[in-house]
Amino acid sequence: MLTLKLIQEKRDYVIDRLKVKCFDATEIVNKIISLDNQRKTLQSDTESAQKSMNEISKSVGMLMKEGKKDEAEKAKTQTAALKAKINEQTNQLKEIEVELQKNLVLLPNLPYEEVPQGKTAEDNKVVKMGNEIPTLTNALPHWELAKKYNLIDFELGVKISGAGFPVYIGKGARLQRALINFFLDEARNAGYLEIMPPTVVNQASGFGTGQLPDKEGQMYHCEIDDLYLIPTAEVPVTNIYRDVILDEKDLPIKNCAYTQCFRREAGSYGKDVRGLNRLHEFSKIEIVRIDTPEHSKESHKEMLAHVESLVKKLELPYRILHLCGGDMSFTAATCFDFEVFSAAQQRWLEVSSVSNFDSYQANRLKCRYKSADKKPQLCHTLNGSALALPRIVAALLENNQTEKGIRIPKVLVPYTGFEYID
RNA sequence: GGAGAGAUGGGUGAGUGGCUGAAACCACAAGUUUGCUAAACUUGCGUACGGGAUUACUGUACCGGGGGUUCGAAUCCCCCUCUCUCCGCCA
């Protein structure tokens, strides 16, 4: 969430910036400012009452010690009214703070200046394209290829779990493992520390990264234990730094993690969900960075370069989109999507989203850093997929189908141990 | 699942009603000394939100969370959560 300080000091700027996200913040911002001002007045008032109270209490102690019982009793009688006042005001303060908090979480993150104007995915700006789109004849979509070569059994998944939980078999399973190892190795070579986090998290973690309370319905929830299955490794890996004050010299922190990801995808159906296009469970390697405000943009560039190197090495036709204000997520300050072209479906498939959250997420997480003799200040957090497997697999299968089977990109062969799926 | 113990600052850990935002030690930072390193010594070292010339300084709150008793609570009482140990079960 945005900081109070920013809203107080740059009211008009905040409202103006949020217009890029097609969000009219005027009302909420005004409410927040008025609540905060009330809070300040009330707080000063309450604190001065508390001060008097503390002084009286102290004097009672002293008088008792000196054996002046009568005077002590007399002092005690002065406290009742004060106490009532303090109680009442403290309750009011709490109410105001709750209300303030409620309003604060309603405001999306401010988009950076360079974010394109626009409302929908149509307005996203293609900033780069790479690798040739292959021209295929009689190309099969990946779900048919998966059947033909016995790589993925979707029906079996339905039997065991339900739609959206495919079963990978033989070379299909090995391809998964190869991609996971390839992506992790690439990340490690780029300086990321490998983490293997839990895939089930508590409420506090869900709140920290912003899935809760707004996107509650997107996560699987184990009610008995009140735990959530993670929709992305971002959740556990970023929450490592919840309520943490880091040392400036430890930044930037660069972590990566492979996890299974679980998404309910409530409400989506139709041809978009065919095959591997949209799943309830899938594998993803995520890169996460914690950085200083001064360096986070540089970090973001490096992450984009890393993700681009992956799709390049996999020889997949790709394009990079700078998301417009309206299509960006609630929490992002700027975001680039990577899409690969799936030649049989003739569609671009999103395989990565690389975002800078500025201090928005850090403010929720209370993730701060400290330099020499300065006060702690909020970090910037960033993350991106590097990469999500299913759509990569869809594109690999479709684009590389040949007469003699499906060709594995050179860079993956050491990982798969085979050059063709046939 | 059964039984017990515990939760204090970055860490270890003292503290059974006021002089405790909190001893001591460790870690960390700055300085002094020594030819370097090390050692020794000195000093400093929590967070949040306020007030303030936004420097100095200063107020309030915070000892797992919430409530209560009291003029006054880290300390007493109640509830909750979590952690640890032992037993059982088990990958």
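In what follows, every chain begins at residue 1, and chains take the letters A, B, ... in the order their sequences are listed. The shown structure was predicted, so the numbers you read here are calculated from the model rather than taken from an experiment.
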For the aromatic rings, using the six-membered ring if either is Trp, is the centroid distance between A/H300 and A/F336 under 6.0 Å? yes
Confirm from the modelled atom types if A/Q43 and B/rG50 form a donor-acceptor pair under 3.5 Å, side chain to base only. no
Using Watson-Crick geometry (N1-N3 plus N6-O4 or O6-N4) or G-U wobble (N1-O2, O6-N3), each under 3.5 Å, B/rC82 is paired with B/rG6
Euclidean distance, atom CG of residue A/D243 to atom P of B/rA48 [Å, nearest integer]: 12 Å
Hey, does the side chain of A/R39 come within less than 4.0 Å of B/rG50's phosphate (OP1/OP2), counting only N and O? yes
Heavy-atom nearest nucleotide on RNA chain B for A/N54 versus A/L4: which residue maps closer to 5'? A/L4
Distance-only, no hydrogens or angles: does the A/K21 side chain make a donor-acceptor pair with backbone N or O of A/P111 under 3.5 Å? no
Using whole Å, report how far CG of A/L378 lies from P of B/rU47. 14 Å
Would you indicate what A/D247 reaches in the nucleic acid, counting non-hydrogen atoms under 4.0 angstrom: base, sugar-phosphate, or nothing? nothing
Under 3.5 Å donor-acceptor, A/E286 side chain and A/N383 backbone: no
Base-contact (B) and sugar-phosphate-only (S) positions in nucleotides 62-80 of chain B, heavy-atom cut-off under 4.0 Å, - elsewhere: -----S--BBS--------
Mind checking the C1' distance from B/rG10 to B/rU47? Whole angstroms is fine. 13 Å
What is the distance from CD1 of A/I86 to C1' of B/rU60, rounded to the nearest Å? 10 Å
Distance check needed: B/rC49 P versus A/I7 CD1, whole Å only. 13 Å
Quickly work out the A/L93 CG to B/rG50 P distance and round it to whole Å. 11 Å
Looking only at side-chain atoms of A/K51, point me to the closest of B/rU60, B/rG51, B/rU47. B/rU60
Validate the cation-pi geometry between A/K284 and A/Y258: distance from NZ or CZ to the six-membered ring centre under 6.0 Å, angle to the ring axis within 45°. no
Under a 3.5 Å cut-off for both distances, is B/rA40 Watson-Crick or wobble paired, and to whom? B/rU32
Counterpart base for B/rC25, defined by Watson-Crick or G-U wobble contacts under 3.5 Å: B/rG11
So, using side chain to side chain contact (heavy atoms under 4.5 Å, CB included) as the criterion, who are the partners of A/V200 when residues are at least two apart? A/L227, A/L229
Whole angstroms only, please: what is the CD-C1' distance between A/Q377 and B/rA48? 16 Å
When the P atoms of B/rU58 and B/rC78 are compared, how many Å lie between them, rounded to an integer? 40 Å
Between A/R368 and B/rA48, is there a side-chain N or O to OP1/OP2 distance below 4.0 Å? yes
Identify whether any heavy atom of A/Q50 sits under 4.0 Å from a base atom; if not, whether one sits that close to sugar-phosphate; answer base, sugar-phosphate or nothing. sugar-phosphate
Whole angstrom is fine here: how far is it from CD in A/Q89 over to P in B/rG50? 17 Å
Can you tell me the pairing partner of B/rC90 across any strand shown, Watson-Crick or G-U wobble, with both distances under 3.5 angstrom? none
Cation-pi geometry met for A/R174 and A/F418 (6.0 Å, 45°): no
Under a 3.5 Å limit for both distances, which nucleotide forms a Watson-Crick or G-U wobble pair with B/rC71, could you say? B/rG18
Hunt down the Watson-Crick or G-U wobble partner of B/rU55, both distances under 3.5 Å, from any strand shown, or write none. none
When both distances are under 3.5 Å in a Watson-Crick or G-U wobble arrangement, the nucleotide paired with B/rU60 is B/rA48
Within-4.5 Å side-chain heavy-atom neighbours: A/L389 and A/F183: yes
Roughly how many Å apart are B/rU16 and B/rU69, using the P atom of each and rounding to a whole number? 24 Å
Could you tell me whether a side-chain N or O of A/T209 sits under 3.5 Å from a main-chain N or O of A/S205, the two making a donor and an acceptor? yes
Separation of the C1' atoms in B/rA22 and B/rC62, to the nearest angstrom: 12 Å
Could you walk me through whether A/K410 and A/E419 pass salt bridge (Lys or Arg N to Asp or Glu O under 4.0 Å), step by step? CA-CA 8 Å; A/K410 224 171 35 207; A/E419 290 177 30; over 6 Å; no
Rounded to the nearest angstrom, tell me the gap between atom CD1 in A/I96 and atom P in B/rG50. 13 Å
